[in-house]
Amino acid sequence: MKNNKGLLFLLTIAGFSFSTSLQAIEWEIIPGECVVSKPDEVCESLVTVRLYAAESVIRNSCLNIDNSRYGCFTSPKIQLPLTIDDDVLFELTDKQNRLHKRFLLKHSVIESHPPRRRVRLPWSLF
Amino acid sequence: MKILFLFFLLIILSPLPAQAEAPACEDGSGCIPPNSWQVGLALGLGGRTNPLVDGDAIPYILLPDIAWYGEAAYFDNGELGYQFIPTDTFSIELFVAPNAEKANFSFWHTSNILIPAASLAADAPPDSPQEPSTTISVDDIASRNWAVDGGIRGQWYAGNQQLQLAIARDISGVYSGFHAALTYRYYTQWKKWQIAMSPHVSWKSAALTDYYYGIREQDTATGELTYTGRAGLQYGVSINGSYPLTSKWTLLTRAGFTRLHAGMTDSPIVNKDTIYSVFTGVAYRF
């Protein structure tokens with residue numbers, strides 16, 4: 001697994017959608033995507049999850065990463081170092097584990113060189 | 001023959017639709033990521049007829065598929081080349097490749113496989129004291145050598161159509177001649193079958209035809225059998241089909257024919273005017 005921090009695109013994904021809960025909450029995850037040129041490349045990043053909500057709502061919010069509880073918010077911002085070698089699922093829940101928001105941080109492979117056409121038909125040795 | 005020429009004429013005169021986009025180049029469908037290999041092996045049953053007198057058909061049991069493509073250079077099933085400015089609609093390449101004409105003479109010839117010494121002896125003119133024969137077979141003549149060609153090829157792509165024009169010459173000093181080929185290819189899909197139909201016409205120079213199919217003094221003691229090959233045009237069609245079974249396994253089938261030109265078929269060493277080939281099998285991509 002090769003590190004390729006240089007290829008990490010710091011895309012901001014802001015959760016400006018309305019919450020399904022009665023208490024409005026918005027969130028922002030930076031970076032929003034890990035873009036690499038080869039499938040085996042990874043992004044090593046300090047991911048920031050920031051909540052925009054009332055203090056009481058924030059203190060009742062927790063973060064799940066890939067379906068595992070990472071921790072609960074004591075302040076509007078959590079920073080966590082991640083090695084991203086695959087898509088990462090972020091879920092925002094309350095302490096009763098009710099889901100409020102989810103976001104998929106994608107590990108995207110962008111071909112730096114497009115495929116080439118073969119000059120001969122495959123299997124045309126003879 | 002005239003119908004085929006009209007067909008090609010129509011293709012050439014009708015401009016390839018400029019707006020048509022070439023199909024997306026996908027790995028496994030005739031495309032390859034740069035700086036990578038494609039290696040596969042097909043196992044099946046088939047063969048290619050041999051137009052020579054007493055020439056053995058070439059069996060197709062195992063078909064390898066070996067290709068490497070870099071940023072511009074490539075190796076594709078025996079052909080080594082360099083591609084200039086490949087785009088979605090056009091490419092031009094310089095290439096070096098073995099000339100396949102020799103395959104008719106010795107590719108699977110049993111004397112070359114089982115008794116190498118006998119094939120060396122075949123280089124010498126027959127010195128039998130018997131009466132001169134009125135026929136001649138591939139077993140009687142001096143061996144022909146493999147030649148290596150160098151050439152240039154242009155390819156145009158438009159939608160599911162492809163046009164290919166290539167010209168090559170002997171760079172190994174074996175036959176000192178030229179050949180050229182114009183191939184049209186139409187790709188289509190039927191259910192999961194990917195099908196390529198390829199009518200083609202090719203021209204072979206007198207030097208090429210004469211080296212392989214001419215009959216000279218070292219080939220026969222019978223003067224009336226000597227023959228000088230002439231240039232000519234030949235044509236044919238091939239159809240290739242592939243059906244993906246899994247990401248690694250593919251069902252392959254292909255069939256084709258090539259109608260040989262008179263400058264070749266008039267040779268006493270040639271007794272068929274058409275080469276047929278067929279193969280069906282399963283292929284595994286490593």
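To find a chain, count down the sequence lines: A is the first, B the second, and so on, and within it residues start at 1.
The minimum heavy-atom distance linking B/Pro34 with A/Arg116 is given by the pair CG-CG, 4.2 Å. Looking at every heavy atom in both residues, B/Ile32 comes nearest to A/Arg118 through CG2-CG, 3.8 Å. Residue A/Trp123 comes nearest to B/Tyr284 through the heavy atom pair CH2-O, 4.0 Å, listed as atom of the first residue, atom of the second, then distance. Minimum heavy-atom separation, A/Pro122 to B/Gly30: CG-CA, 4.0 Å. Contact between B/Gln164 and A/Val119 at its shortest, heavy atoms only, is NE2-O, 3.6 Å.
For the pair A/Arg117 and B/Tyr157, the cation-pi test (distance below 6.0 Å, angle within 45°) is passed.
Among residues two or more places apart in sequence or in another chain, the salt bridge (Lys or Arg N to Asp or Glu O under 4.0 Å) test is passed with A/Lys106 by A/Asp87. Every salt bridge (Lys or Arg N to Asp or Glu O under 4.0 Å) that A/Glu91 has, sequence neighbours left out, goes to A/Arg102.
Remark: of the listed residues B/Thr183, B/Asn240, B/Asn77, B/Asn240 is the sole one forming a side chain to side chain contact (heavy atoms under 4.5 Å, CB included) with A/Leu121.
Residue-environment remark: OH (B/Tyr82) stays at or below the threshold of 12 foreign heavy atoms within 6.0 Å.
Of the listed residues (B/Ala42, B/Gly81, B/Ser91, B/Ser36), the greatest number of heavy-atom pairs within a distance under 4.5 Å of chain A belongs to B/Ala42.
Contact annotation for B/Leu41: only backbone heavy atoms (N, CA, C, O) come within less than 4.5 Å of a heavy atom of chain A. For B/Phe75, no part lies under 4.5 angstrom from a heavy atom of chain A.
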